[in-house]
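To keep things clear, I will list the structure first and then write my remarks on it.
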Amino acid sequence: MDQEEQDKALPIANVGRIMKQILPPSAKISKEGKQLMQECVTEFISFVTSEASDKCHKENRKTVNGDDICWALSSLGFDNYAETIARYLHKYRQAEREKMNHNKKYEGSATQTLNRDQLILAPPPPSLSRVTDKVQNPPTTDQSG
């Protein structure tokens, strides 16, 4: 794989980590094995994406979405993957809707009771308070010794 191809491939460390997840803890993977898998997954992603992109082009669309990927997997004969990915996509979209509804609910209740200036000065929600405390009050280190 030349440098240009390497730049387009998944990082080999990530590929190795994914491969190790399925293997027994004592198993090892050679550098050659990781590189070969890296090339395979890169080619697979390109293959599926190209099929999905062709579909979008025929439909005069510029954006490839999750449904297009599922369609491409099925069209290319990867029905088992397409079914699994379709279930994941459904769960992902459901989680995103719930997250958006939660955010709208929080924003809606805050803006109903506070004007803009009060909202800017209001303390952060409890889920962010630890983060803002660290930013506003960073831990001090003793540099005397």
Side-chain angles (χ1 to χ4, degrees), residues 1-139 141:
M1 195 181 294
D2 66 18
Q3 187 58 43
E4 185 178 334
E5 289 174 329
Q6 190 72 29
D7 291 342
K8 293 178 184 177
L10 288 172
I12 198 148
N14 293 359
V15 172
R17 229 181 336 273
I18 293 167
M19 291 172 75
K20 278 196 93 52
Q21 288 176 356
I22 197 72
L23 297 174
S26 61
K28 301 203 182 314
I29 306 166
S30 71
K31 182 178 178 182
E32 177 187 57
K34 290 176 191 176
Q35 289 173 333
L36 182 60
M37 184 59 75
Q38 181 187 40
E39 289 191 39
C40 288
V41 297
T42 300
E43 184 61 31
F44 181 75
I45 290 168
S46 297
F47 185 52
V48 174
T49 303
S50 176
E51 186 76 8
S53 178
D54 289 349
K55 176 182 187 279
C56 291
H57 181 73
K58 288 175 187 170
E59 296 174 359
N60 294 318
R61 293 187 294 119
K62 293 182 180 181
T63 304
V64 174
N65 62 37
D67 293 318
D68 299 320
I69 298 297
C70 291
W71 176 89
L73 285 166
S74 184
S75 171
L76 294 168
F78 298 105
D79 293 317
N80 290 343
Y81 290 113
E83 292 169 13
T84 302
I85 294 297
R87 283 193 302 272
Y88 170 83
L89 182 59
H90 176 75
K91 289 178 182 178
Y92 171 80
R93 287 176 174 166
Q94 190 175 13
E96 286 296 304
R97 275 192 301 273
E98 290 171 8
K99 188 167 43 169
M100 284 177 41
N101 288 339
H102 176 74
N103 289 343
K104 284 181 183 177
K105 190 167 112 178
Y106 175 75
E107 289 171 6
S109 64
T111 54
Q112 288 172 2
T113 57
L114 302 174
N115 66 34
R116 182 182 165 275
D117 295 330
Q118 290 172 316
L119 189 57
I120 291 171
L121 299 174
S127 61
L128 293 178
S129 63
R130 291 190 320 260
V131 174
T132 55
D133 285 346
K134 288 179 183 175
V135 172
Q136 292 172 353
N137 305 313
T141 56

For [X], give me all partners under side chain to side chain contact (heavy atoms under 4.5 Å, CB included), at least two apart in sequence or on another chain.
X: F47; answer: L76, F78
X: A27; answer: L23, P24
X: Q94; answer: H90, R97, E98
X: S53; answer: V64

Kindly check if the number of other-residue, nucleotide or ligand heavy atoms within 6.0 Å of OH (Y92) is above 12?
-> no

Would you indicate whether M19, at its atom CE, is surrounded by more than 12 heavy atoms from other residues, nucleotides or ligands within a distance under 6.0 Å?
-> yes

Applied to residues 19-33, the side chain to side chain donor-acceptor pair (under 3.5 Å) test, sequence neighbours excluded, yields none

Could you tell me which non-hydrogen atom of [X] sits nearest to which non-hydrogen atom of [Y], and how far apart they are?
X: I29; Y: G16; result: CD1-O, 4.1 Å
X: C70; Y: L89; result: SG-CD2, 4.2 Å
X: A72; Y: A52; result: CB-N, 3.7 Å

Rounded to the nearest 0.5 angstrom, the CD-CD1 distance for E39 and I12 is 9.0 Å

Roughly how far, to the nearest 0.5 Å, is CD of Q35 from SG of C40?
-> 12.0 Å

[X]: side chain to side chain donor-acceptor pair (under 3.5 Å) partners, not counting sequence neighbours:
X: K55; value: E59, D68
X: N65; value: none
X: E96; value: K99
X: N14; value: R17

Donor-acceptor pairs under 3.5 angstrom involving side-chain atoms of residues 80-87: please list them, not counting sequence neighbours.
unit_1 : atom_1 : unit_2 : atom_2 : d
T84    : OG1    : N80    : O      : 3.0

Do the side chains of L10 and I45 get nearer than 4.5 Å, heavy atoms only?
-> yes

D67: partners by salt bridge (Lys or Arg N to Asp or Glu O under 4.0 Å), with sequence neighbours left out = R93

Report yes or no: does S50 contribute a side-chain atom to a donor-acceptor pair with the main-chain N or O of S46 at less than 3.5 Å?
-> no

Side-chain (T42) to main-chain (Q38) donor-acceptor, under 3.5 angstrom | yes

Which salt bridge (Lys or Arg N to Asp or Glu O under 4.0 Å) pairs, counting each pair once, include a residue from residues 71-81, with sequence neighbours left out?
-> none

